[in-house]
Peer 1: 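Supplied in structure tokens, the structure appears directly below.
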Amino acid sequence: MSETLFSGQTILLANSLLVSLLLFALWISDREQRHNLYWGGGLFAMFVVLATLPTEPPDTLSAGIALCVIASAVACTLLVQGTATFANKSLSARWLIASGLALILLFVILALSSYQGGILLATAVAAAFWFTAWTLRTYGFVEKIAAALFFIRGFMLVLAALTAEFSFTERFLNLSFISANQIVAMASALALLMVAFLANQRELERSRRLLRQGNLMAQRLGQLSDTASVVRESVKILLEEEPLSTAWIYRLDEKSQKLWMLDSGGRLAYLSRENTEIPLEGSVSGKAVHTGRVQLIDDLASDARVNRTARKLAHTHPKELAGTNIIIPLMSGDRVYGTCSYHLGLQRTLNQADFEAFEAIGQIIGLALASVDNLEEMTFRANHDSLTQLPNRAALHEAFRQHAKENPAHGATMFLLDLDKFKDVNDTLGHHVGDQLLKEIGPRLAQVAAPSKLMAARLGGDEFVCLLFKSLERAQATQLGREILEAVRARFSVDDLSLSIDGSIGISAAPRDGEDSHELLRCADVAMYQAKTTTTPVVAYNQSFDPHSRERLALMSELKASIGSEQLILHYQPKVHLASNRVSGVEALLRWKHPVHGMISPGTFIPMAEVSPMINELSLWVMEQAIAQAKLWSDLDLSVAINVSMRNLAEDTWYERAIGLIRESGIPAGKLELELTESVFMHAPDEVGRKLNAIAATGVRIAIDDFGTGYSSLNYLRKLPIHVVKIDKSFVMQLHENKADRQIVETILSLAEAMKLEVIAEGVEQEESLQLLRELGCDYVQGFHVGHPTEPTKLTTWIKERQWEAKAYGNQMNEAGAGGS
Ligand code: C2E
Ligand code: CA
Ligand code: CA
């Protein structure tokens with residue numbers, strides 16, 4: 001060991017060198033290259049120790065001092081790094097601080113055991129350095145503290161010069177050395193203060209810039225009205241701020257407890273599809289959501305908090321993903337809407353202000369998302385039915401408008417579904433069950449809707465609409481309508497109850513039936529009403545049953561005027577009793593000889609009249625005419641049947657007026673027959689039953705018309721005064737060649753037999769069918785093969801001839817029979 005370890009000159013030189021190194025390091029660190037600061041901090045610490053070294057240390061201690069120099073450098077480096085990282089809230093900081101503390105402890109032991117003064121000072125300085133840096137946790141402040149320490153150092157030297165108590169300062173009394181040393185100390189302190197001041201300025205400037213950016217961001221995001229554009233714009237703004245960065249924005253889904261990626265942008269956006277969902281559990285993003293604080297990840301690959309997918313990604317793309325990552329919770333108030341993973345592209349040290357700025361950015365985006373959400377919620381509510389969550393009437397019209405604008409050539413088909421007897425469900429099982437049932441209709445419609453691209457909407461009550469963005473022919477549309485109805489008819493289970501509900505569907509299509517959705521809806525409504533009043537559950541709109549189309553309206557008023565005029569007449573179609581081969585009766589069928597349009601079929605004008613009260617007048621008029629005709633035919637022993645529409649019986653007083661008419665006429669019992677379709681009984685069966693019983697009490701016979709096309713349930717017949725079942729012509733016209741028809745006819749016949757009802761088959765067009773019906777035991781036939789509807793005078797002649805023939809035939813048979821016996 002030499003006599004002097006360090007001369008005053010050497011210390012001065014080392015001093016100057018270290019100060020300039022430190023300044024250089026700090027200057028570089030301004031570019032936010034953090035590790036330079038660590039070096040700077042380390043060198044600074046070394047300098048502090050060197051500055052306090054005596055020139056004449058006792059020999060035994062030189063090794064300890066050398067150790068001290070190194071240890072203090074390492075300690076400070078670690079501490080500076082630790083505090084810097086700790087400020088950024090990364091986990092590894094704690095380890096760094098712990099090791100720094102351990103080293104300080106080492107100093108303390110060394111100081112106590114030997115070279116007290118200097119080493120204690122070094123320890124104190126290191127501790128002060130660490131403490132300040134730690135409590136302030138910010139980078140700018142570390143610089144300030146460094147400057148403060150230089151002051152302390154200068155002060156110490158002055159003190160050393162003035163007091164002789166410090167034995168080791170004797171050498172320092174050399175004045176030129178002191179002044180030189182002090183000048184250096186003051187200069188370095190000033191320089192450091194400058195650095196600190198400038199850093200402060202910069203920070204101020206930066207926070208101002210962030211404020212401006214925040215404002216700008218709020219402004220830009222505030223103008224947007226949907227989530228997608230808010231997210232897109234947010235990514236754009238984030239990238240503008242950091243040219244090398246990448247931003248991923250995730251949306252929080254509370255239900256699945258996951259974050260789903262909405263959008264991404266920037267340098268590494270191509271990695272996005274690798275991490276489209278992040279579970280909240282066990283992820284840093286999850287922590288950001290739970291704590292509502294910005295999270296920092298310094299090293300994706302090694303941070304245990306990072307979820308596995310991201311970590312894997314960091315391993316496969318180590319170069320790209322190196323750099324600082326921040327997870328910003330996107331919040332408004334206390335609610336977290338999502339997160340933004342922000343990769344800065346560089347390794348960066350972030351101070352408190354940065355964190356606050358990122359938090360503010362998160363809040364601005366969060367607020368924008370919240371207001372868009374509110375807006376979307378409001379729009380959703382305005383456009384959706386609150387019970388079923390289906391689009392509502394307004395949304396339906398809007399969707400149609402949009403579609404018509406974009407694809408004017410496609411047209412559209414509208415299916416209006418109305419549930420049957422839904423009111424009964426509500427009344428008997430309660431609204432709760434009714435609501436539940438309505439809620440299940442939507443998914444069923446959607447299920448039919450999915451492959452055909454239908455839009456399902458609820459208009460209110462028990463009315464739903466399916467809109468197909470394509471015009472379908474009537475037949476095709478009816479087919480699809482049936483599929484929809486099938487889906488609705490399948491059993492529901494509500495509250496352990498197994499329910500089924502039926503419905504009727506009216507169909508309209510653009511441009512065939514109307515140009516806009518309001519017109520389509522009106523037409524579908526007309527068709528739906530038609531479906532309800534007939535036995536056909538799915539009906540495509542047809543002008544003929546539209547009470548509101550202009551031509552129809554004109555025709556309706558003409559029809560009303562024509563009641564009682566020559567334009568309306570009755571034709572009669574004969575019915576033949578098969579056993580006797582006699583004409584046993586006739587059916588009155590209305591004919592309208594229109595002065596301009598010629599003969600109009602009842603298939604056209606009766607449904608028209610049925611949608612207005614006019615049908616009541618019309619039916620009574622027909623009844624009057626038919627009774628008058630029946631009286632004229634009294635010598636022919638004919639019964640006269642008239643058709644009664646469902647609306648007649650639905651009306652409160654019609655049946656009383658009809659009974660009055662029948663009583664007044666004095667027509668013999670059994671000579672008047674009323675034909676009613678099955679649908680009559682489906683609506684308010686009790687009420688209809690009561691009215692029918694009153695009518696039947698006059699001796700009038702009741703027939704079920706078009707039997708087999710409706711619900712085909714004979715159950716209701718038991719409770720009603722029915723005398724005759726009239727097999728619909730659709731089963732009869734091809735009877736001779738169609739096995740299925742034959743089976744149906746046979747079934748109806750055996751049912752009727754069991755219930756002791758007479759059976760008539762209408763629509764007999766072939767001799768073979770007639771023979772078959774005779775064999776099967778049918779009572780009566782009616783049809784073109786027997787006789788067309790004919791005007792009464794002609795028919796009278798025809799019947800007379802025929803009865804005579806039948807009589808002759810009967811006589812012949814009788815004679816043959818008599819001869820044979
Ligand atoms: P409906 O009661 O089922 O009447 C039978 C219809 O079948 C009549 O048509 C008749 O001409 C037709 N028809 C008879 N035999 C045959 C056949 O062998 N083959 C075929 N293909 N058709 C046959 P129409 O006269 O055109 O009447 C149509 C419908 O108009 C009637 O059906 C009935 O529902 C209604 N209608 C007619 N007159 C009146 C009326 O005075 N009051 C009411 N409420 N409805 C009436
Ligand atoms: Ca009839
Ligand atoms: Ca019929």
Side-chain angles (χ1 to χ4, degrees), residues 530 533-536 544-545 559 562-564 567-576 583 585-593 599-630 639-651 654-655 658 661 672-680 701-710 724-736 741 760-770 773 778 780-792 795:
Q530 182 70 9
T533 50
T534 61
T535 50
T536 333
S544 69
F545 42 72
L559 177 63
S562 70
I563 298 176
Q567 284 182 32
L568 282 187
I569 52 161
L570 286 175
H571 279 193
Y572 295 87
Q573 187 174 27
K575 300 173 176 180
V576 168
V583 176
V586 290
E587 177 181 4
L589 292 160
L590 204 49
R591 297 290 177 263
W592 185 8
K593 284 187 192 156
M599 199 65 138
I600 301 177
S601 150
T604 305
F605 71 84
I606 293 287
M608 215 165 88
E610 272 177 336
V611 294
S612 88
M614 194 202 306
I615 190 68
N616 295 323
E617 296 311 312
L618 197 62
S619 292
L620 288 176
W621 179 82
V622 169
M623 189 180 269
E624 235 174 330
Q625 296 296 301
I627 287 171
Q629 188 59 50
S639 77
V640 178
I642 68 158
N643 291 285
V644 171
S645 122
M646 127 119 195
R647 175 126 189 190
N648 296 146
L649 283 163
E651 218 258 345
W654 187 87
Y655 81 104
L661 210 68
L672 188 63
E673 202 169 285
L674 302 188
E675 292 188 7
L676 304 155
T677 56
E678 281 171 283
S679 61
V680 169
R701 281 155 51 94
I702 313 279
I704 307 246
D705 206 352
D706 303 342
F707 189 82
T709 55
V724 186
V725 168
K726 196 164 182 182
I727 305 176
D728 189 65
K729 52 182 174 290
S730 61
F731 305 111
V732 179
M733 289 185 317
Q734 281 91 36
L735 182 66
H736 60 286
D741 284 351
I760 175 164
E762 68 174 6
V764 177
E765 295 183 350
Q766 313 285 334
E767 177 63 23
E768 292 99 305
S769 304
L770 189 140
L773 286 163
C778 182
Y780 302 90
V781 289
Q782 176 185 2
F784 294 164
H785 178 65
V786 180
H788 284 263
T790 318
E791 50 116 345
L795 190 68

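For the single chain, residues carry numbers from 1 onward in sequence order. Order of listing sets the numbers, starting from 1, for every ligand and every atom in it.
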Peer 1: Do F605 and S562 have side chains that approach each other closer than 4.5 Å (heavy atoms only, starting at C-beta)?
Peer 2: no
Peer 1: Side chain or backbone, does I615 bring an N or O within less than 3.5 Å of an N or O on ligand 1?
Peer 2: no
Peer 1: Do H788 and Q573 have a side chain donor and acceptor closer than 3.5 Å?
Peer 2: no
Peer 1: Enumerate the atoms of ligand 1 whose separation from the nearest heavy atom of E587 is less than 4.0 angstrom.
Peer 2: 2 (O), 4 (O)
Peer 1: Write the atom name of the N, O or S atom in E675 that is nearest the Ca ion (ligand 2).
Peer 2: OE1
Peer 1: Does ligand 1 have any atom that is closer than 4.0 Å to a heavy atom of H785?
Peer 2: no
Peer 1: Return yes or no for this condition: an N or O of Q782 is under 3.5 Å from an N or O of ligand 1.
Peer 2: no
Peer 1: Which atom, among the N/O/S set of D705, is closest to the Ca ion (ligand 2)?
Peer 2: OD2
Peer 1: Do any N/O/S atoms of D706 come under 3.0 Å of the Ca ion (ligand 2)?
Peer 2: no
Peer 1: Side chains of T677 and N643: closer than 4.5 Å at any heavy-atom pair?
Peer 2: no
Peer 1: Can you confirm, on distance only, whether ligand 1 has an N/O atom lying under 3.5 Å from any N/O atom belonging to S601?
Peer 2: no
Peer 1: Using 3.0 Å as a strict upper limit, say whether an N, O or S atom of E762 approaches the Ca ion (ligand 2) that closely.
Peer 2: no
Peer 1: Looking only at N/O atoms, are S619 and ligand 1 under 3.5 Å apart anywhere?
Peer 2: no
Peer 1: Could you see which bit of Q573 sits under 4.0 Å from ligand 1, with heavy atoms only: side chain, backbone, both or neither?
Peer 2: side chain
Peer 1: State whether the shortest distance between N or O atoms of L590 and N or O atoms of ligand 1 falls below 3.5 angstrom.
Peer 2: yes
Peer 1: Report the part of Q625 (side chain from C-beta onward, or backbone N, CA, C, O) that has a heavy atom under 4.0 Å from ligand 1; answer both or neither where that applies.
Peer 2: neither
Peer 1: Output yes when a side-chain donor or acceptor of T604 lies under 3.5 Å from a complementary backbone atom of P602, and no otherwise.
Peer 2: no
